[in-house]
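Heavy atoms only: backbone and side chains are in, while hydrogens, waters and symmetry mates are out.
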Amino acid sequence: MNLNSKDLIKQLALESPQDFVKFISGFGEFEHVLPSEIVRTELRTANVVRHKKLNCVLHFEFLSEYEEKIDIRMRRDHIILDDMFYPVPVHSVLVLLKPEADSPKITGEVIRSNSYFRYTVVRLWENSAEDSLILP
């Protein structure tokens, strides 16, 4: 079998991941190899609408009780929708229906070491009907 350099690297990565990591990074010690299959998640957004005047897609989620990982779900769904509707921008909006859904952890920001995601949080009990609730 005649392998080119790209095939050799792929084979090394598959057959000896520790040696591959050492080759790439200079050190090759790690705890274990993680599964690499990407599991497709079902997009369960509450409401997605196209706004013609603003030329954007609005992604709404509604909460009536606190959900600890809502920021993670908002970010994940936003990324999926952004890929689906590109180049039309997507604005994600979390609508808290009752104070029981709120928490100091709900800031409208998801900050990771290498990424930043921002979404709008609307606390219905804090806004009058005349207020612009969605976009600044």
By side-chain hydrogen bond (donor to acceptor under 3.5 Å, both in side chains) - contacts of Tyr116 (at least two apart) = Glu109
Please check if Ile106 and Trp125 belong to a single hydrophobic cluster, counting links between Ile, Leu, Val, Met, Phe, Trp and Tyr side chain heavy atoms closer than 4.5 Å.
-> yes
Can you give the donor-acceptor pairs under 3.5 Å from side chains of residues 80-90 to other protein atoms, not counting sequence neighbours?
none

Please examine the side chains of Val93 and His59, heavy atoms only from C-beta on, and report whether any two atoms are closer than 4.5 Å.
-> no
Working for side chain to side chain contact (heavy atoms under 4.5 Å, CB included), residues His91 and Val57 | CA-CA 6 Å; His91 296 284; Val57 172; over 6 Å; no
Between the OG1 atom in Thr120 and the CE atom in Met74, the distance rounded to the nearest 0.5 Å is 8.5 Å
Shared hydrophobic cluster, Val49 / Val95 (ILVMFWY, side-chain heavy atoms < 4.5 Å) | yes
Kindly work out whether a path of hydrophobic side-chain contacts (I/L/V/M/F/W/Y, heavy atoms less than 4.5 Å apart) joins Phe62 to Leu58.
-> yes
How about Leu63 and Leu94: do any of their side-chain heavy atoms sit closer than 4.5 Å?
-> yes
Nearest heavy-atom approach of Ser64 to Glu100 is O-CB, 4.2 Å
Evaluate the side-chain proximity of Ser115 to Arg75: yes if any heavy-atom separation is below 4.5 Å, no if none is.
-> yes
For Ile72, all residues meeting side-chain contact (heavy atoms from CB on, under 4.5 Å), sequence neighbours excluded | Lys69, Arg112
ring-ring contact (aromatic ring centres under 6.0 Å, His included) against Tyr119, all qualifying residues, sequence neighbours excluded | Phe117
List the atom of Val121, the atom of Leu96, and the distance in Å for their closest heavy-atom pair.
-> CG1-CD1, 3.9 Å
Apply salt bridge (Lys or Arg N to Asp or Glu O under 4.0 Å) to Asp102 and list each qualifying residue two or more places apart in sequence or on a separate chain.
-> Arg123
CD1 on Ile111 to CZ on Arg118, rounded to 0.5 Å = 11.0 Å
Hey, is Lys98 close enough to Glu65 for a salt bridge, meaning N to O under 4.0 Å?
-> no
